[in-house]
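Just so we're clear, the structure is a prediction, and the values are computed from it rather than from any experiment. Letters A, B, ... are given to chains in the order of the sequence lines, protein chains preceding strands, and every chain is numbered from 1.
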Number of protein chains: 2
Amino acid sequence: MPDLSAANALRRPRGPRKRPAPRLATPAPDTGGTPAAEAPEVDTSYLQTLLGYNARRAALAVIAVFLRRMAPYDLRPVDFSVLSVVAYNPGVTSRQICATLDILPPNLVGMIKSLHKRGLILRKPHPTDRRAQGLHLSAAGQRLYREAQATATELEQGVAHGLNADEVQTLITLLRRVYQR
Amino acid sequence: MPDLSAANALRRPRGPRKRPAPRLATPAPDTGGTPAAEAPEVDTSYLQTLLGYNARRAALAVIAVFLRRMAPYDLRPVDFSVLSVVAYNPGVTSRQICATLDILPPNLVGMIKSLHKRGLILRKPHPTDRRAQGLHLSAAGQRLYREAQATATELEQGVAHGLNADEVQTLITLLRRVYQR
DNA sequence: TATTGTTATACTCTATAACTATA
DNA sequence: TATAGTTATAGAGTATAACAATA
């Protein structure tokens, strides 16, 4: 599975984007003689018609901004998502977080351990199931999450440069309809 | 950088999605007593307001479909993208592909090697720069790519379930404005 | 018999350094 | 001195199997 973490995008900022080229129904015939190197522009007009290509590029761009802005809190997107689920669902179990965020249980263990070690979350015995444990934000976790969420909300405005509030709302609505059943 | 490859999404299909909950400005206070386990619904209403969260989920959903449909051609999204760039830009160099698709040069080497080994692409000497080599699709590569592109185009219709052609076009336009400078 | 949390581990994807041949 | 392609390798991210404790 491809990685959407955008580390590359973060450390190697792109140059100016190419202007969209006219759509082609089929690839240009290979005349064999003229290398594309002479014209530095590379035609990606077909790829730009694909929802998956654009969704991935957009997700990577947003994640890159997210990584920069969340660096002061030392939170990756997945850490922020976990804290957010715990914040809004006090007492939630690891298993529920896995199902909600599509994380495999073995991969969540280390994140929970790390957040616990940083004093951000508490593990309390589950009242009815002694196998499970209820997760809660500590006071420090609540403070950190409150600031991080404010940053995330604020970040939304800047991410989509030309997009106004209505356009962002339309975009989010359409994205939800893509991944929801 | 997070991985957008959607392997998990592929092998562990999700259950039914939760209905959107009303937005909350701040997390619910932790009353400490009531575990979320009793109500299996987990509140993700705040995360669902974030462009990054929705873009990543949508990208993963599309990629999962892409992986399934491209399996007969043994092409990952990145392989398809590389073939597409070569198809529309015969004679393109590795370096240009890296800049266009945001792939690091060392990571492209293996892909090119693999596609070459499969007889899909040809490396020709670059006419003006003996360090570089121009990449071209072989006849077999052109046949395979033509079929793969048809599948990708066809796939677009089915990916966005309820979305009509206009809505998909709007979505793509908005996504482009997010990641383009 | 199934589930929660966990360990160990393998595999994939991405990143960095450094080399060679050429510009 | 810089760039194209490459090798080797390190580091994230994601995957599967299997276990003890509990349901």
(message) Would you say A/Q133 places a side-chain N or O within less than 4.0 Å of OP1 or OP2 belonging to C/dT6?
(response)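 Checking C/dT6 against A/Q133, a side-chain N or O does come within under 4.0 Å of OP1 or OP2.
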(request) Please check the phosphate of D/dG5 (OP1 and OP2 only) for any side-chain N or O of B/R123 closer than 4.0 Å. (result) no
(message) Taking B/R76's backbone N and O only, do any of them form a donor-acceptor pair with B/D79's side chain (distance below 3.5 Å, no angle check)?
(response)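 Pair found, side chain donor or acceptor close to backbone of B/R76.
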(message) Given 3.5 Å as the limit, does a donor-acceptor pair link the side chain of A/D43 with the main chain of B/N89, or not?
(response)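 Such a contact is absent between A/D43 side chain and B/N89 backbone.
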(message) Once salt bridge (charged side-chain N to carboxylate O under 4.0 Å, His left out) is applied, do any residues pair with B/R131, and if so which ones, sequence neighbours excluded?
(response)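 Partners of B/R131 under the salt bridge (charged side-chain N to carboxylate O under 4.0 Å, His left out) test: B/D129.
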To the nearest Å, give me how far apart [atom1] ([X]) and [atom2] ([N]) are.
X	N	atom1	atom2	result
B/I103	D/dG5	CD1	P	13 Å
B/R95	D/dA2	CZ	P	14 Å
A/L60	C/dT14	CG	C1'	12 Å
B/I121	D/dG5	CD1	P	12 Å
A/Q96	C/dT4	CD	P	9 Å
A/I112	C/dT6	CD1	C1'	13 Å
A/L108	C/dG5	CG	C1'	10 Å
B/H116	D/dG5	NE2	P	14 Å

Sort me out a list of protein N/O and nucleotides 21-23 of chain C N/O pairs below 3.5 Å, or just none if empty.
residue : atom : partner : partner atom : Å
C/dT22  : O2   : B/R131  : NH1          : 3.4
C/dA23  : OP1  : B/R130  : N            : 2.9
C/dA23  : OP2  : B/R130  : NH2          : 3.0

Check: [X]/[Y] side-chain N/O donor and acceptor closer than 3.5 Å:
X	Y	result
A/S45	B/Y88	no
B/Y46	A/T153	yes
A/T151	A/Y73	yes

(message) Could you check whether any side-chain heavy atom of A/L120 comes within less than 4.5 Å of a side-chain heavy atom of A/L137, counting everything from C-beta outward?
(response) no
(request) Would you mind reporting whether B/P125 and B/R130 have side-chain heavy atoms less than 4.5 Å apart? (result)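 In short, these two side chains do not touch, never coming nearer than 4.5 Å.
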Which atoms of nucleotides 9-11 of chain C (N or O only) lie under 3.5 Å from a protein N or O atom, and what are those distances?
none

(request) Name the closest nucleotide to the B/P106 side chain, picking from C/dT14, C/dG5, C/dA17. (result)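 The answer is C/dA17.
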(message) Of the listed nucleotides (C/dT16, D/dT16, C/dG5), which one gets closest to any side-chain atom of A/L104?
(response) D/dT16
(message) Same cluster or not: B/V85 versus B/L122, using hydrophobic residues (I, L, V, M, F, W, Y) connected whenever any side-chain heavy atoms lie under 4.5 Å apart?
(response)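 Shared cluster, no.
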(message) Quick check on DNA chain D: between B/V109 and A/M111, whose nearest nucleotide comes earlier from the 5' end?
(response)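 By nearest-heavy-atom nucleotide position, the 5'-most residue is B/V109.
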